[in-house]
Amino acid sequence: MNARKSDAANIDNPETWVNEYGDFLYRYALSRVKDPSVAEDLVQETFLAALRARENFQGRSAGRTWLIAILKHKIVDYIRKKIREPSSDKIETLSDLADSDFNDSGKWQIRPFKWAVNPDKIYEQKEFLDVLYRCLAELPERLAEAFMLREMDGLSTEEVCKVLDITATNSWVMLYRARMSLRGCLENQWLSAGQ
Amino acid sequence: MHWMFSCKDVSQLISESMDRTLPFYQRVLMRMHLLMCKYCARCREQFEAIRAASCHAELHGKELDDSRGLSNDGKERLKKFLKNHLTGTP
């Protein structure tokens, strides 16, 4: 209760925003855009939008949750603009990413292991999340964008297609390749660390 | 796709089923394959674990290494930016 009150007090006082929320928002932005100056710009845009919408906030959610929701919109806008620029890893060049998981007759080359994770309590498994972040950082940029828009920002596949300017079929292929790459990376890095 | 799906086909269908409703026959054949193939069933569990973990990514953000926080210069720039907007200074 006190934490909620103090959060509401912080939101009412924008002068505290940088100290209270700056690092959290910046880290989240940096995990999505990689470029520190872009991440800082996104935090600044988030604060500006929050300043303008402050009167509508009314403490319906935690300040942190409200600000991260704004930041997610800013990240989607940023990706939408950036995607119009030439990209180095077009879909065609990603076609063989998941093929090495299967032999010529379509059977598993390396059989998937049983993971000792409980999806309902996965947020408690810090090591798993750490490795997932590392694996996400290794994904080709376009795949990572498609995956994060879908799974972290909660966009529908139709919305992902609009943001990335791709067809529905391409979005399914990209999401499949992203999941297969993450699965393989987690098996290599998390299981080899002894889970 | 052949009427008997391979593990490669099924792994694609598992992923697609997380993003759209599959046609009836694909759904049935995928489920039959999953009943018989424990490795594809594990693949599905793994995709679901990855989805569940991704939903919590923002919770995890606060635990990322402190060294990746804003620089002092960056904090000062943001504070100045906010102050200017609050006082109406261009």
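The figures here come from the full heavy-atom set of this structure, side chains too, leaving out hydrogens, waters and symmetry mates. Here is the naming used below: chain letters follow the sequence lines, and residue numbers restart at 1 for every chain.
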For Glu45(B), which atoms come within 4.5 Å of any heavy atom of chain A: side chain, backbone, both, or neither?
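Contact with chain A involves the side chain of Glu45(B) alone.
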Let me know if Phe47(B) has heavy atoms under 4.5 Å from chain A in its side chain, its backbone, both or neither.
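Just its side chain gets close to chain A.
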Side-chain donor-acceptor contact under 3.5 Å, [X] with [Y]:
X	Y	result
Glu187(A)	Gln46(B)	yes
Ser37(A)	Glu40(A)	no
Asn19(A)	Lys79(B)	yes

Region of [X] in contact with chain B, defined by heavy-atom distances below 4.5 Å:
X	value
Ser105(A)	backbone
Leu132(A)	side chain
Leu51(A)	side chain

Among residues at least two apart in sequence or on other chains, which ones pass disulfide (SG to SG under 2.5 Å) with Cys135(A)?
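Scan of Cys135(A) (disulfide (SG to SG under 2.5 Å), adjacent residues dropped) gives Cys185(A).
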Identify which of [options] forms the greatest number of heavy-atom pairs closer than 4.5 Å to chain B.
options	value
Asn118(A), Leu25(A), Thr157(A)	Thr157(A)
Phe113(A), Phe47(A), Trp17(A)	Phe113(A)
Gln125(A), Arg150(A), Lys107(A), Glu158(A)	Arg150(A)

Does the distance from a Lys or Arg side-chain N to an Asp or Glu carboxylate O, for Asp101(A) and Lys8(B), drop under 4.0 Å?
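Answer for the salt bridge query: no.
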When you measure from the centre of the six-membered ring of Trp172(A), is the NZ or CZ of Arg20(B) closer than 6.0 Å and no more than 45° off the axis?
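Cation-pi check for Arg20(B) and Trp172(A): passes.
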Given the ring of Tyr21(A), does Arg64(A) sit roughly above its face, with NZ or CZ under 6.0 Å from the centre of the six-membered ring and within 45° of the axis?
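No.
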Top contributor to chain A interface from Gly74(B), Ser71(B), Ser11(B) [non-hydrogen pairs under 4.5 Å]
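Most heavy-atom pairs within the cutoff with chain A belong to Ser11(B).
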